[in-house]
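As structure tokens, the structure follows; a few thoughts come after it.
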Amino acid sequence: MPELPEVETYRRYFEETALGQTVAHLEVEDQRQLTTDFDTLQQALKGAQFTGAHRIGKHFLINLSTSKTLVLHFGMTGDLAYYRDAEDTPRFARIVFHFQNGFRLAFIDSRKFGRVGLAESIEAYRQEKRLGPDALDISLLQLQASLGKRKAPVKSLLLDQKILAGIGNWIADEVLFQAQIFPAKLANQLSSAEFKRLHAAILYVLKTAIEEEANYGNFPKTFLIHARGWDDSALKPAERQVCPQHRTPLNIIKVGGRTTYFCLVCQPQ
DNA sequence: CTCAGTGTTCAGTG
DNA sequence: TCACTGAACACTGA
């Protein structure tokens with residue numbers, strides 16, 4: 001789930017819970033999820049206070065009072081939970097930060113694609129990962145400049161965190177649906193009208209998703225995401241995979257190796 | 001039992 | 001080195 005709106009929601013949750021806390025110790029179930037070795041990480045965190053919460057795309061960056069930066073990436077299934085009692089430890093809590101006030105913050109991640117480690121600073125991390133501008137901050141001109149000469153499918157480029165940071169598979173489909181652009185259209189074939197719609201759709205989809213705290217069920221009825229079956233109980237099979245505009249069946253293809261939903265009527269090839 | 005998957009990275013090709 | 005494609009990664013749940 002964690003695309004930009006989820007990570008922004010986690011960031012706000014963190015600000016209301018773990019921000020300001022001082023780390024007592026750390027529990028790590030599987031060292032393969034660390035990008036900094038355990039001893040170094042424990043050393044850097046012990047006695048350090050969490051002093052700030054930032055986000056670049058899907059990357060979550062926590063300032064430490066010791067001047068280093070803690071970086072969390074949620075992979076495909078990451079989440080956070082702040083709680084006090086051991087019996088409230090969520091299922092799949094892979095890494096647990098214990099605070100001096102007795103509370104804990106769990107990094108939950110059933111599929112273990114998430115990563116936690118240290119960076120020198122936010123800026124150093126951005127450069128190391130070569131992250132593009134956050135998807136909420138990219139301008140129309142920047143977007144046009146970085147996509148306009150590329151001959152890959154526009155969807156693949158939206159997913160490239162080096163071009164713009166924060167868009168994942170579901171939001172890429174939603175953005176292209178709202179912008180009425182065929183997902184496999186080559187970026188260098190896009191008209192300036194299409195770039196304009198694309199840029200507006202990125203902002204519209206992300207802002208809407210953040211307002212709803214990334215609860216897909218609350219997204220507008222006009223969103224494609226309801227057809228994806230993100231929650232099996234929320235949608236009857238007969239209603240699934242139908243365009244919210246035309247009620248016609250959606251098309252499902254692979255673009256850049258990723259499952260892609262779109263409506264051939266709204267997004268002509 | 002098999003398989004797809006919300007993300008990233010890397011090997012391979014041109 | 002760049003642009004692009006496709007596989008691999010670890011694990012759960014359908």
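The sequence lines fix the lettering, A, B, ..., with proteins before strands; numbering per chain opens at 1.
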Which of the following nucleotides, [options], is nearest to the side chain of [X]?
X        : options               : value
A:Arg32  : C:dC4, C:dA10, C:dG13 : C:dA10
A:His59  : B:dG7, C:dA10, B:dT8  : B:dT8
A:Asn169 : B:dG7, C:dT12, C:dC4  : B:dG7

> Does the separation of the ring centres of A:Tyr10 and A:Tyr13 fall below 6.0 angstrom?
Replying inline: no
>> Could you check, using the six-membered ring where one of them is a Trp, whether A:Phe103 and A:Phe97 have ring centers closer than 6.0 angstrom?
In response: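 Between A:Phe97 and A:Phe103, which both carry aromatic rings, the centre distance is not below 6.0 Å.
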Please check the phosphate of [N] (OP1 and OP2 only) for any side-chain N or O of [X] closer than 4.0 Å.
X        : N      : result
A:Lys129 : B:dT8  : no
A:Lys58  : B:dG7  : yes
A:Arg258 : B:dG7  : yes
A:Arg91  : C:dG13 : yes
A:His73  : B:dG7  : no
A:Arg130 : B:dT9  : no
A:Thr259 : B:dG5  : yes
A:Arg111 : B:dG5  : no
A:Lys254 : B:dA4  : no
A:Gln161 : B:dT8  : yes

>> Is it true that, when you exclude A:Glu29 itself, more than 12 heavy atoms of the residues, nucleotides or ligands shown sit nearer than 6.0 Å to its CD?
In response: yes
How many whole angstroms separate atom [atom1] of [X] from atom [atom2] of [N]?
X        : N      : atom1 : atom2 : value
A:Gln33  : B:dT8  : CD    : C1'   : 14 Å
A:Ile171 : B:dG5  : CD1   : P     : 17 Å
A:Met76  : B:dT9  : CE    : P     : 14 Å
A:Asp160 : B:dG7  : CG    : C1'   : 12 Å
A:Lys151 : C:dT5  : NZ    : P     : 7 Å
A:Leu157 : C:dT5  : CG    : P     : 9 Å
A:Asp30  : C:dA10 : CG    : P     : 9 Å
A:Lys112 : C:dC11 : NZ    : P     : 4 Å

> Can you tell me the Watson-Crick or wobble partner of C:dA10, both distances under 3.5 angstrom?
Replying inline: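 Check on C:dA10: unpaired, no WC or wobble geometry under 3.5 Å.
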>> Between A:Arg11 and A:Glu15 (salt bridge meaning N to carboxylate O under 4.0 Å), is one present in this structure?
In response: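 A salt bridge is present here (some side-chain N lies under 4.0 Å from a carboxylate O).
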>> For A:Phe182 and A:Phe262, take the angle between the two ring planes, folded into 0 to 90°, and tell me which bin it lands in: parallel under 30, tilted 30 to 60, perpendicular over 60.
In response: perpendicular
> Which part of the nucleic acid, if any, lies within contact of A:Gly168, taking any heavy atom under 4.0 Å across all strands shown: a base, the sugar-phosphate backbone alone, or nothing?
Replying inline: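 Sugar-phosphate contact only - A:Gly168 comes under 4.0 Å of backbone atoms but never of a base.
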>> What contact category does A:Phe74 fall into here, base, sugar-phosphate, or nothing, at under 4.0 angstrom with non-hydrogen atoms?
In response: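 If one applies the 4.0 Å heavy-atom cut-off, A:Phe74 turns out to touch nothing in the nucleic acid.
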> Roughly how far apart, to the nearest Å, are C:dG13 and B:dT8 at atom C1'?
Replying inline: 22 Å
> B:dA11 and C:dA10: how far apart are their P atoms, nearest whole angstrom?
Replying inline: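 My reading of the P atoms in B:dA11 and C:dA10 gives 15 Å.
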>> Just verifying a value: how many Å separate A:Phe107 CZ and A:Arg94 CZ, rounded to the nearest 0.5 Å?
In response: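 The CZ atom of A:Arg94 is 10.5 Å from CZ of A:Phe107, to the nearest 0.5 Å.
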